[in-house]
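Structure record follows, encoded as structure tokens.
Residues: numbered from 1 along the sequence shown.
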Amino acid sequence: MAPATAWTPDAVRLPRLLRTTPFRLTLLFLALFAASAGAFLGYIYVVTAGEATRRTDREIAEETRALSAVYRSAGRGGLVRELAAREPAIVRSSTC
């Protein structure tokens with residue numbers, strides 16, 4: 001068995017390139033770019049998702065108001081006719 005060697009800092013030193021200031025600055029700027037790009041894309045996602053949610057909520061509220069008005073004025077039969085006129089496939093599939 002070979003004798004154990006003492007640990008020295010030189011045994012685990014980084015390659016010379018990794019210790020240079022330009023390389024470290026490159027890594028720093030790479031990290032800053034990645035963080036800013038991630039923040040920007042996150043912002044775009046949040047804004048887009050929020051707009052889609054608001055638009056969907058607005059359309060649902062408008063449909064609800066319109067169908068409620070039909071129900072109040074024509075009752076259940078009028079509401080069924082209105083829904084059938086909007087989408088015949090829904091009425092056919094629900095009665096089968």
Side-chain angles (χ1 to χ4, degrees):
M1 182 162 166
T5 57
W7 180 84
T8 62
D10 292 332
V12 290
R13 284 192 85 158
L14 296 173
R16 187 169 183 202
L17 172 67
L18 300 179
R19 293 181 307 216
T20 62
T21 301
F23 182 77
R24 289 182 179 182
L25 285 174
T26 301
L27 289 180
L28 173 67
F29 289 130
L30 176 66
L32 289 174
F33 174 76
S36 63
F40 177 70
L41 292 175
Y43 170 76
I44 295 297
Y45 171 77
V46 168
V47 169
T48 303
E51 177 60 27
T53 300
R54 282 188 296 277
R55 182 177 296 170
T56 303
D57 289 345
R58 187 173 51 244
E59 290 175 5
I60 290 171
E62 289 172 5
E63 285 291 316
T64 302
R65 280 192 294 273
L67 292 174
S68 294
V70 169
Y71 180 74
R72 280 192 302 274
S73 66
R76 183 174 181 210
L79 180 60
V80 169
R81 283 188 300 276
E82 177 67 23
L83 291 173
R86 288 180 181 215
E87 187 61 49
I90 291 174
V91 175
R92 278 196 306 270
S93 67
S94 66
T95 58
C96 295

Side chain to side chain donor-acceptor pair (under 3.5 Å) pairs, two or more places apart, involving residues 73-83: E82-R86
Atom pair CG (L67) and OH (Y71), whose distance is rounded to the nearest 0.5 Å: 12.5 Å
Non-neighbouring partners of [X] that pass side-chain contact (heavy atoms from CB on, under 4.5 Å), sequence neighbours left out:
X: T26; answer: none
X: R72; answer: S68, A69
X: E62; answer: R58, R65

Residues that, via side-chain heavy atoms closer than 4.5 angstrom, fall in one hydrophobic cluster with I60: none
Residues that, via side-chain heavy atoms closer than 4.5 angstrom, fall in one hydrophobic cluster with L30: none
Would you mind writing out the side-chain donor-acceptor pairs for residues 33-52 within the sub-3.5 Å range, not counting sequence neighbours?
| residue | atom | partner | partner atom | Å |
| --- | --- | --- | --- | --- |
| S36 | OG | L32 | O | 3.2 |
| S36 | OG | F33 | O | 3.0 |
| T48 | OG1 | I44 | O | 2.8 |
| E51 | OE1 | R54 | NH2 | 3.3 |

Pairs involving residues 15-33, ordered by first then second residue, that meet salt bridge (charged side-chain N to carboxylate O under 4.0 Å, His left out) (sequence neighbours left out):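 Of all non-adjacent pairs touching residues 15-33, none passes salt bridge (charged side-chain N to carboxylate O under 4.0 Å, His left out).
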